[in-house]
Amino acid sequence: MIRTAVRRVNEWDGPSMLKVYAPYAGTPAAPEAAPPDLPAYVQRIDRYTYGLGWLLCELNNQTVGFCHLTENRRDPKNLFSVEFQLYVRQGFGRRGVGTALWSLMRDMMEVGSRREVFARVHPENAPALAFFQAMGFQGAGQEEEALLLRYALSPADPQAERPTKPYLIDKFDYEAARERAATLVKTQGLESLVESLIPRPQP
């Protein structure tokens, strides 16, 4: 039986997350031409984890996807409006990994009283476009190299003066949302693929 976990990220997850992200760099699915080195990536995780949020999906303790928030580049001082990025390990697409990550992040944003979230998708990235549309994102315009998609959140406190940072979300709310998210991953038939991710000792 495959153990599924969807959880917050820490800096020790950097190496496994970078392995997921690196194949996307230089493609329409990523915002940069080359992956950063590990120290720079860990620094990036440290910068955003506590203020905005990074989440990870694991199968048998092996990273198969992650997502994170950044500032809304059109309105960076608006704390209630953020951008969402998602990466799933190659070979694990269409298994609910992205859905699970989005589910937990959406719940955390709404409990934290954020009001809207955007995704930028390259027009050639048809799988990403289909995913975000299935999750309920709506078209919000087009930029030079990306389609802009928007999701209207349902904030717990629409009148909040500031959003609640992810690491301050009440443990009860977080754990319940985390358990719900884990049930969305379809693990049947993935045993051998997950097994192949486990590092083997060198002879």
Handout entry: Residues forming a side-chain hydrogen bond (donor to acceptor under 3.5 Å, both in side chains) with Gln142, sequence neighbours excluded
Key = none
Practice task
Among residues two or more places apart or on two chains, list those pairs meeting ring pair (Phe, Tyr, Trp, His ring centres under 6.0 Å) that have a residue in residues 165-192.
Solution key: Tyr50-Tyr167
Problem - Among Asp13, Ile45, Leu101, Leu69, the one residue meeting side-chain contact (heavy atoms from CB on, under 4.5 Å) with Trp54 - result: Ile45
Problem - Side chain Glu83, main chain Thr70, donor-acceptor under 3.5 Å - result: no
Handout entry: Connected via hydrophobic side-chain network under 4.5 Å: Ile2 and Leu184
Key = no
Exercise for the section: Ignoring hydrogens and angles, tell me if any N or O in the side chain of Asn60 forms a donor-acceptor pair with the backbone of Arg3 under 3.5 Å. Expected result: yes
Problem - Non-neighbouring partners of Tyr87 that pass ring pair (Phe, Tyr, Trp, His ring centres under 6.0 Å), sequence neighbours left out - result: Tyr21, Tyr24, Phe66
Fill in the blank from the handout: dist Arg44:CZ -> Arg47:CZ (nearest 0.5 Å) comes out at 9.5 Å
Completion exercise
When rounded to the nearest 0.5 Å, the distance separating CG of Leu147 from CG of Asn125 is 10.0 Å
Problem - Shortest non-hydrogen contact from Ala100 toward Val185 - result: CB-CG2, 3.7 Å
Exercise for the section: Group every Ile, Leu, Val, Met, Phe, Trp and Tyr by side-chain heavy-atom contacts under 4.5 Å, then state whether Val6 and Leu56 land in the same group. Expected result: yes
Handout entry: Stepwise side-chain contact (heavy atoms from CB on, under 4.5 Å) check, Asn78 with Asn72
Key = CA-CA 7 Å; Asn78 182 355; Asn72 179 350; 5.7 Å; no
Handout entry: Validation row: Thr164, Val111 side chains within 4.5 angstrom (heavy atoms)
Key = no
Fill in the blank from the handout: So side chain to side chain donor-acceptor pair (under 3.5 Å) across residues 182-196, not counting sequence neighbours, yields Glu195-Arg200
Handout entry: Neighbour count above 12 (heavy atom, 6.0 Å) for Glu143 CD
Key = yes
Problem - Side-chain touch Leu59/Thr4, heavy atoms, less than 4.5 angstrom - result: yes
Practice task
Answer whether the closest heavy-atom distance between the side chains of Arg74 and Leu148 falls below 4.5 Å.
Solution key: yes
Handout entry: Pro36 to Tyr41 - nearest heavy-atom pair and separation
Key = CG-CD1, 3.5 Å
Problem - Approximate separation, where rounding is to 0.5 Å, of Ser154 OG and Met109 CE - result: 11.0 Å
Completion exercise
Heavy atoms of Ser16 and Thr63 approach each other most closely as OG-OG1, 2.8 Å
Practice task
Go through the structure and list residues passing ring pair (Phe, Tyr, Trp, His ring centres under 6.0 Å) with Phe137, not counting sequence neighbours.
Solution key: Trp102, Phe132, Tyr151
Completion exercise
In short, Val88 meets Gly93 closest at the heavy-atom pair CG1-N, 4.2 Å
Practice task
Give a yes or no on whether the backbone of Pro166 and the side-chain of Arg8 come within a donor-acceptor separation of less than 3.5 Å.
Solution key: yes
Problem - Same apolar cluster: Val121 and Phe84, side chain cutoff 4.5 Å - result: yes
Exercise for the section: Go through Arg120 and Arg73 one step at a time and tell me if the side-chain contact (heavy atoms from CB on, under 4.5 Å) criterion holds. Expected result: CA-CA 11 Å; Arg120 281 177 164 77; Arg73 68 193 75 179; 3.4 Å; yes
Exercise for the section: Side-chain contact test, heavy atoms from C-beta onward, threshold under 4.5 Å: evaluate it for Phe92 versus Leu197 and give yes or no. Expected result: yes
Exercise for the section: Could you name each residue pair satisfying salt bridge (charged side-chain N to carboxylate O under 4.0 Å, His left out) that touches residues 164-183, not counting sequence neighbours? Expected result: Asp107-Arg180, Glu175-Arg178
Completion exercise
Rounded to the nearest 0.5 Å, the CZ atom of Arg114 sits from the CE atom of Met105 at a distance of 9.5 Å
Problem - Backbone of Arg150 reached by a side-chain donor or acceptor of Glu116 within 3.5 Å - result: no
Practice task
Would you check if Leu149 and Leu129 make a side-chain contact, meaning some heavy-atom pair closer than 4.5 Å?
Solution key: yes
Problem - Side-chain heavy-atom pair Trp12, Val42 within 4.5 angstrom cut-off - result: no
Exercise for the section: Might you point out which heavy atoms bring Ala25 and Ala34 nearest each other, and give the distance in Å? Expected result: CB-C, 3.7 Å
Handout entry: Residue of the set Gln43, His68, Glu71 for which side-chain hydrogen bond (donor to acceptor under 3.5 Å, both in side chains) holds with Tyr48
Key = Glu71
Handout entry: Closest non-hydrogen atom pair between Phe80 and Ser113, with its separation
Key = CD2-O, 3.2 Å
Practice task
Any chance you could measure Leu104, atom CG, to Arg7, atom CZ, to the nearest 0.5 Å?
Solution key: 11.5 Å
Exercise for the section: To the nearest 0.5 Å, tell me how far Lys19 NZ sits from Met17 CE. Expected result: 13.5 Å
Exercise for the section: Say whether, by atom type as modelled, one donor and one acceptor occur between the side chain of Arg115 and the main chain of Pro158 under 3.5 angstrom. Expected result: yes
